[in-house]
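Comments concern the structure below.
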Amino acid sequence: MPRRSSQSDGAVGHDSFLDVVANIVGILIVLVIVAGLRAQNAPVQAADSQDALKPMAAALQRDDATQRQLYDDVMQIAGQMENVQRETVLRQIERNRLATIVAALQRQLQTRRAELSGDDKEEFDLKRSLADARRQLDQLDEQARQASAATPDATVVESYPTPLGKVVDDNEVHFQLLGGRIVLIPLDQLVERFRLDARRQLYKLLDTPELTETIGPIDGFRMRYTLQRYDDHIDARTGRGGGTYARLIRWTLIPQSNQLGETTDDALAGGSAFRDALAHLHPGRTTITIWTYPESFNDFRRIKKELYRLGFATAGRPLPDGIPISGSPDGSKSSAE
């Protein structure tokens, strides 16, 4: 019985050993497979690494090219500096040589002058002074010639003989200059239409203190006006006053388009609407008021020059961009030149 037990224990130990060996072999197989997979993926990763390094390599090549270019520039500048220094040395040598020659000639002149008699010395001094004067004259002529050649072309500045303006009270015609286009403003017709319309609208002020209406269009312009009711109270001491009135607060012109009128070039040409409008006016008795926006200031100068040539007084009314033409009883009058 004990012997069988011993054999049984040996079989069990032998089986355990085989299990251990099998596990080790399995582990080795797994390690071989993993190593094989890593070896298989290694070239791909290297290729990926090379692709990732390409931008860095390109940047290094650009930096290297820039460094070589800077080195070439530095060497070129150094060469130029060396040439300048060499030229400076040569100029200094030439200057010293000329100074030596001049000093020798002066000594010769002094020696010759010392050998002359009194009258000869005087004549010698006169000739020398004359030579010096001629040399100075030649230098002045050369400087004058250079100054004449370097004189720039004269700039023509246009001016007008009426720098002081005067307030315009009547006979005033208005134009709008916007976007390089000029158009006649039918202000007199709009004002007449306003008066007629305001009379018809006065009854509305009985129920409201303020009234705003729009009239037109006439020749591309509308007019918006605002009336205000004014109640005049009776003076208790004098008994005067009393009643209700309507007064104009403000009027504003509303153009129907930003392309009204004609361009400045067309307006100044013959047969234009601008010249046709001027043909019905009287120079010397009519003031031309031009409401001008910033982008058209240069066009205003051209038109003003032509109006001056025709004999018209001109008043400029500049306006900021986006601000319409407007007025009120308390506003300022035009100032013509």
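Because the structure is predicted, anything quoted here is derived from the model rather than measured. All values below come from the heavy atoms of this structure, side chains included, with hydrogens, waters and symmetry mates left out.
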Go through it in stages, so that I can follow the logic: the residues are V173 and L184, the test is side-chain contact (heavy atoms from CB on, under 4.5 Å), and I'd like the CA-CA distance, side-chain angles, deciding distance and then a yes or no. CA-CA 8 Å; V173 177; L184 175 66; 3.4 Å; yes

Identify every side-chain donor-acceptor pair in residues 88-102 under 3.5 Å, counting partners at least two apart or on other chains, and give the distances.
from	atom 1	to	atom 2	distance (Å)
T88	OG1	V84	O	2.8
R91	NE	E87	OE2	3.0
R91	NH2	E87	OE2	3.3
Q92	NE2	N96	OD1	3.2
E94	OE1	R97	NE	3.4
E94	OE2	R97	NH2	2.6
N96	ND2	Q92	O	3.2
T100	OG1	N96	O	2.8

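- We find that R302 and D265 are joined by a salt bridge, their nearest charged nitrogen and carboxylate oxygen being less than 4.0 Å apart.
- The cluster map of Ile, Leu, Val, Met, Phe, Trp and Tyr, joined by side-chain heavy atoms under 4.5 Å apart, puts Y293 and I254 in different clusters.
- Ionic pairing of D197 and R200 is present here: one or more N-O contacts between side-chain nitrogen and carboxylate oxygen are shorter than 4.0 angstrom.
- The salt bridge (charged side-chain N to carboxylate O under 4.0 Å, His left out) check on R229 picks up D231, with sequence neighbours excluded.
- A donor-acceptor pair under 3.5 Å is formed between the side chain of R222 and the backbone N or O of G216.
- A donor-acceptor pair under 3.5 Å is absent between the side-chain atoms of D299 and the main chain of G180, judged by distance alone.
- Side-chain atoms of D73 and Q69 include a donor-acceptor pair closer than 3.5 Å.
- With values rounded to the nearest 0.5 angstrom, N298 atom CG is found 9.5 Å from T264 atom OG1.
- Residue T212 holds its OG1 atom at 10.0 Å from CD of Q228, rounded to the nearest 0.5 Å.
- The hydrophobic cluster of L137 has no other members, since no ILVMFWY side-chain heavy atom comes under 4.5 Å of it.
- Between the side chain of R250 and the backbone N or O of T226 there is no donor-acceptor pair closer than 3.5 Å.
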